[in-house]
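Scroll down for the structure; my scribbles are underneath it.
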Amino acid sequence: MRHLIDPMDLSVEEIDKILNLADDIIANPVKYQDACAHKKLATLFFEPSTRTRLSFEAAMMELGGNVLGFSSADSSSATKGESVSDTVKVVSCYADIIAMRHPKEGAPCLAAMKSDAPIINAGDGGHNHPTQTLTDLLTIRREKGRLDNLTIGCCGDLKFGRTVHSLIKAMSRYANIHFIMISPEELEIPEYLKQEVFEQGGLDYEQVRTIDEVIDRLDVLYMTRVQRERFFNEADYVRLKDTYILNMKKLKKAKKDLSILHPLPRVNEISVDVDNDPRACYFRQALNGKYVRMALILTMLGIDR
Ligand code: CP
């Protein structure tokens, strides 16, 4: 039984297969409409979510399967003191596959040790978000036609933003990727990732403080919100939250084929006037999330069409 806890749990070849399957699902949805008949997905969300939980549930429904679960710890027996391990052990008696989000880093890894069903990490604290990464890879590949030879700017809260952490790990395995990390000093990428991914992995990167100084060089701009829920004090959040606001004026110097991604939710960091620009990919990205999760569910359940 395989779990998906970290984006590096999947080889590049396995990722390619999942992305190819997602492309086929997009092109031929009818072929897959009952592929998961009589299968159940449990969504255990100990932390809020719109896209990840609902796209997982929509994915399973579009595959002809069923879903069960909870959308907050408050509506589960966690409020009575039940451990994550016990919760997952029990739910794995009821479901064939489990998608789990938890505010504590490592919780899905702990859950996987007890579970009798495959666990998919749907986001653990500021750590990893591997299914967002699959969504991002599918989006970049569909928009740019490739996953190599790219200059990618990651902008915003690079300290707490787990989507960026997972994305840089996954992209480190493709050729000729140059990362430009755009953040205030306090929200720089954590030291352990600089060491593990950039320095030990030999990945090319630079750190800058403004979008303006690099926008003309970017093939992909990955915007992120400042993660209010992970700050220790509100004053720091308020001071940093509007450091970056992407608008049409800032995009004047950008490439005509720039792809603007954002895992969403957005707060203020992308002005709504950007939404109608063809370079804004973030709503297409959210839709891709459903298709790539369909592909992942099929893959992890070993269902071949
Ligand atoms: N991108 C993402 O993880 O969104 P949600 O928090 O709404 O699931």
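Source: prediction; values computed, not measured. Atoms within each ligand, like the ligands themselves, are counted from 1 in listed order. Just so you know, residue 1 is the first one in the sequence shown, and it goes up from there.
- For atom 4 (O) of ligand 1, the nearest non-hydrogen atom of the protein is Arg51 NE, 3.1 Å.
- At a heavy-atom distance under 4.0 Å, only backbone atoms of Leu264 (N, CA, C or O) approach ligand 1.
- Figure legend: Arg293 and Phe56 shown as a cation-pi pair, the cationic atom lying under 6.0 angstrom from the six-membered ring centre and within 45 degrees of its axis.
- Evaluation of the salt bridge (charged side-chain N to carboxylate O under 4.0 Å, His left out) test over residues 78-87, restricted to residues two or more places apart or in two chains, returns Asp86-Lys114.
- Of the heavy atoms in Arg53, none comes closer than 4.0 Å to ligand 1.
- Within ligand 1, counting atoms from 1 as listed, the ones closer than 4.0 Å to a heavy atom of Thr52 are 2 (C), 3 (O), 4 (O), 5 (P), 8 (O).
- In this structure, a donor-acceptor pair under 3.5 Å is absent between the side chains of Arg225 and His262.
- Tyr205 and Phe198 have parallel rings, their planes meeting at less than 30° on a 0 to 90° scale where 60° marks the start of perpendicular.
- An N or O contact shorter than 3.5 Å is missing between Pro265 and ligand 1 by distance.
- In summary, the atoms of ligand 1 found under 4.0 Å from a heavy atom of Gln132, numbered by their order in the structure, are 1 (N), 2 (C).
- No side-chain N or O of Ser166 forms a donor-acceptor pair with one of Gln132 less than 3.5 Å apart.
- Counting only heavy atoms from C-beta outward, the side chains of Thr87 and Ser76 never approach each other to under 4.5 Å.
- When each atom of ligand 1 is checked for a heavy atom of Thr50 under 4.0 Å away, the hits are 5 (P), 7 (O), 8 (O).
- For atom 6 (O) of ligand 1, the closest non-hydrogen atom of the protein is Arg101 NH1, 2.9 Å.
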